[in-house]
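The next block holds one structure in the form of structure tokens; read it before the comments.
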Amino acid sequence: MTRNMKKFEDGAKLAAALAVDVADTLAAAINDKGTASIAVSGGSTPKAFFRMLSKADIDWEKVTITLVDERFVPEDSPRSNHKLVKENLLLGPAAHARFIPLYQNVETAEEAAEIVTNKVSATSLPFDVVVLGMGTDGHTASFFPGGDTLGRALDMKTPAGVMSMHAEGAGEARLTFTFSSLENAGLLVLHIEGREKMDVLEKALAGNDETEMPIRAVLSRATSPVNIYWAP
Ligand SMILES: O=C1O[C@H](COP(=O)(O)O)[C@@H](O)[C@H](O)[C@H]1O
């Protein structure tokens, strides 16, 4: 397991550097195999990075974008990660990318997980780029402490695809790519900002109980090097 720590003076510099690194990786993938895929996180952290990346001069028509995780809410909900991506990443040149939402208009998160697994697996895996975030409870993607499917989601033997997750700290039901779908990305990034998140990261690195802090699975078991981008 390899980890690279990249510290920046502020969020704007981080966003600019991360956008360049991600765009370069997508462009290289397009050059090598004709298409590229990226799974991004939601939450509050990635907005500035999304805005920078949306301006990248790459062949966006050949790029598939999806989310590492989603709340089981429709696209117009203020809690929707899809809404965040639509308003901050699928703009300008990047509006030409193909976006695969995780939320589906069906009764349950379980049904949605099955539908979206079939859509994504064939075309986009392994991802060329995965950008993870982290909550102050040590969750990443929707791998929540106490989550009902956490053990299966983190198990390397669980096939690549999307699963449902219910957890007290998660609010609504969630959809999340499994660990095995994310850990082998061409470029695997953990994007965190603020002193509090650095403290959480340090705590995660100091222990090994993945049920307490699921981010530990990524930090200790990912096949790909984990590139940690941090700004105060
Ligand atoms: O619930 C979520 O939270 C994490 C972290 O979000 P942040 O607001 O602290 O940046 C995010 O990575 C994940 O995609 C999202 O669904």
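All ligand and atom numbering here is 1-based and tracks the order in the structure.
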(Q) With ring pair (Phe, Tyr, Trp, His ring centres under 6.0 Å) as the rule and sequence neighbours excluded, what pairs involving residues 77-128 come up? (A) Phe72-Tyr103, His82-Phe99, Phe127-Phe177
Which residue and atom name correspond to the protein heavy atom nearest [atom], and how close is it?
atom	value
atom 6 (O) of ligand 1	Gly43 CA, 3.7 Å
atom 14 (O) of ligand 1	Asp69 OD1, 2.6 Å
atom 1 (O) of ligand 1	Arg174 NH1, 3.0 Å

Q.
Checking contacts here: is it the side chain or the backbone of Val68 that comes within 4.0 Å of ligand 1, counting heavy atoms only? Could be both or neither.
A. neither
Q.
Taking 4.0 Å as the limit for heavy-atom contacts, which would you say applies to Thr45 with ligand 1: side chain only, backbone only, both, or neither?
A. both
Q: State whether the shortest distance between N or O atoms of Gly42 and N or O atoms of ligand 1 falls below 3.5 angstrom.
A: yes
Are any side-chain N or O atoms of [X] and backbone N or O atoms of [Y], one a donor and one an acceptor, separated by less than 3.5 Å?
X	Y	answer
Arg216	Asp209	yes
Ser181	Gly161	yes
Ser180	Ala160	yes
Ser41	Gly133	yes

Q) For ligand 1, is His139 a contact, meaning one of its heavy atoms is under 4.0 Å away? A) yes
If you count the atoms of ligand 1 from 1 in the order shown, which ones are under 4.0 Å from a heavy atom of [X]?
X	value
Gly133	12 (O)
Lys197	7 (P), 9 (O), 10 (O)
Ser44	7 (P), 8 (O), 10 (O)

Q: Please report the C-alpha distance between Glu70 and Arg174 in whole Å, then the side-chain angles of each, then the deciding distance to 0.1 Å, and finally whether the side-chain contact (heavy atoms from CB on, under 4.5 Å) criterion is met.
A: CA-CA 6 Å; Glu70 178 62 288; Arg174 299 286 185 127; over 6 Å; no
Q. Should Glu75 and Lys86 count as an ion pair when the cut-off is N to O under 4.0 Å?
A. yes
